[in-house]
Amino acid sequence: MPARPYILSETNWEAVRNTRFEVAILPWGATEAHNTHLPYATDTMQCDVVAAEAARRAWDAGVKVVVLPTIPFGVNTGQREVPLCINMNPSTQLAVLGEVAESVQLCGIRKLVILNGHGGNDFKQLIRELQPKLSLLLCQIHWFRCVDPKPYFVEPGDHAGELETSVMMEIAPDLVRPLSEAGAGREYPYAVRGFREGWAWTQRRWIECTDDTGTGNPQHSSREKGRQFIDATSQQIASFLIELA
């Protein structure tokens, strides 16, 4: 497969020094359990694919965009009891993001888009702290929220449900175990009404809110649904990149 000039890990010094990149994308995933049927790298793998496809479409439209290597660790403080869910604290993310952004800024790129693939990550406050210190624009996209999932899925789910399972069926079918082996993805609701309704918030303790680490029923998942959602999402993000550039 030929190197894609918009994927930093595949390109080379000769190409990079001769390209005036306008926008950099920093995909940010996680390493965590996804029910019994999806791999631990689900969030990271999805970020890889969506970032690359959105960048391809933007590149084909004339935008010089570059995708940085995906960061595979996210905020998983609520999953500490789940074996090998790797946690990166928000304060660590702040340090990592600051140093990556400085490196991007030094080479003249004026915009950095954080493409987030993990529900536990939220870079809004990190951007608020870093932006006054930087001349480049920082922004974030939660890729799984930029298109309404309801037209595509019966019940999208929050974690390892129909949405994520369908996407993984499309991008890494060999790593998806049969749905007959998947847990039900039942989520135990909060006892306190404000938490249940979403106008009050606290961190969920994962081993208390689910039996199988999933929250969302994966049984209606299909590869075709995943393909359609990736297509719609990638086009939405590509349009944003073109406008931003």
Side-chain angles (χ1 to χ4, degrees), residues 3-12 15-30 43-72 74-75 90 93-149 151-152 163 167 171 227-245:
R4 295 171 288 182
Y6 46 86
I7 305 293
L8 182 59
S9 60
E10 296 180 8
T11 193
N12 55 74
V16 166
R17 68 176 176 174
N18 290 318
T19 304
R20 186 176 179 84
F21 293 107
E22 299 164 287
V23 180
I25 303 171
L26 177 62
W28 207 307
D43 292 345
T44 301
M45 296 171 70
Q46 291 177 147
C47 267
D48 284 340
V49 169
V50 173
E53 179 58 19
R56 182 191 68 79
R57 297 180 186 212
W59 185 274
D60 289 348
V63 173
K64 298 305 182 186
V65 59
V66 61
V67 180
L68 309 181
T70 301
I71 295 177
V75 177
Q93 289 186 320
L94 178 65
V96 171
L97 178 58
E99 294 181 9
V100 171
E102 183 181 21
S103 299
V104 170
Q105 179 177 276
L106 283 171
C107 64
I109 299 175
R110 298 178 57 209
K111 291 122 183 174
L112 175 60
V113 179
I114 307 157
L115 186 68
N116 178 41
H118 170 54
N121 294 336
D122 191 342
F123 299 93
K124 186 180 292 184
Q125 298 305 329
L126 279 60
I127 291 171
R128 291 185 192 278
E129 182 164 344
L130 289 171
Q131 189 64 84
K133 306 171 186 176
L134 297 166
S135 61
L136 59 67
L137 173 71
L138 282 172
C139 59
Q140 73 170 355
I141 296 174
H142 301 293
W143 80 261
F144 48 88
R145 295 179 187 164
C146 69
V147 170
D148 182 3
Y152 301 89
L163 188 160
V167 170
I171 68 174
R227 181 182 300 115
Q228 292 177 359
F229 192 65
I230 292 171
D231 181 69
T233 300
S234 299
Q235 184 56 49
Q236 179 86 315
I237 296 170
S239 298
F240 170 81
L241 296 172
I242 293 166
E243 185 177 4
L244 183 67

Evaluate whether atom CZ of Arg20 has more than 12 neighbouring non-hydrogen atoms of other residues, nucleotides or ligands under 6.0 angstrom away. no

Looking at Arg110, I want to see if its CZ is surrounded by more than 12 non-hydrogen atoms of other residues, nucleotides or ligands under 6.0 Å. no

- Query: So do the side chains of Lys124 and Gln140 get within less than 4.5 Å of each other, counting heavy atoms only?
  - Reply: yes

Basic-acidic side-chain contact under 4.0 Å: Arg227, Asp231:
no

Q) Between Val113 and Val23, is any pair of side-chain heavy atoms under 4.5 Å apart? A) yes

Here the pair of heavy atoms bringing Ala30 nearest to Thr44 is O-OG1, 3.0 Å

Rounded to the nearest 0.5 angstrom, the OG1-CD distance for Thr70 and Gln46 is 11.5 Å

Smallest heavy-atom separation, Ile237 atom then Cys146 atom, equals CG1-SG, 3.8 Å

When every non-hydrogen atom of Ala232 is compared with those of Val147, the smallest separation belongs to O-CG2, 3.7 Å

Under the side-chain contact (heavy atoms from CB on, under 4.5 Å) rule, what do Val50 and Val167 come out as? Steps first, then yes or no, please. CA-CA 10 Å; Val50 173; Val167 170; 5.8 Å; no

Rounded to the nearest 0.5 Å, the CD1 atom of Ile230 sits from the CD1 atom of Ile171 at a distance of 5.5 Å

Separation between CG (Leu244) and CG (Leu112), nearest 0.5 Å, reads 10.0 Å

Should the pair Phe123 and Trp28 be assigned to parallel (<30°), tilted (30 to 60°) or perpendicular (>60°) ring geometry? tilted

Original post:
Would a 4.5 Å heavy-atom cut-off, applied to side chains only, mark Val66 and Ile109 as touching?
Top reply: yes

Q: For the residue pair Thr233 and Tyr152, establish whether any side-chain heavy-atom pair is separated by less than 4.5 Å.
A: no

Rounded to the nearest 0.5 angstrom, the CD1-CG distance for Ile114 and Asn121 is 9.5 Å

Interatomic distance, CG@Leu137 vs CD@Gln105, rounded to 0.5 Å, equals 11.5 Å

Do any N or O atoms from the side chain of Thr11 and from the backbone of Ile7 form a donor-acceptor pair under 3.5 angstrom? no

> Is there side-chain contact between Val104 and Leu68, with heavy atoms separated by less than 4.5 Å?
Replying inline: yes

Between Ser234 and Arg57, the two heavy atoms sitting closest are CB-NE, 4.1 Å

Discussion item. Are the side chains of Leu26 and Leu97 in contact, using a 4.5 Å heavy-atom criterion?
Written reply: yes

Smallest heavy-atom separation, Phe240 atom then Ile141 atom, equals CD2-CD1, 3.5 Å

On a heavy-atom basis, the closest approach of Tyr6 and Ala55 is CD1-CB, 3.8 Å

Rounded to the nearest 0.5 Å, the CG atom of Leu136 sits from the NZ atom of Lys111 at a distance of 10.5 Å

* Asked: Would a 4.5 Å heavy-atom cut-off, applied to side chains only, mark Val16 and Leu8 as touching?
  -> yes

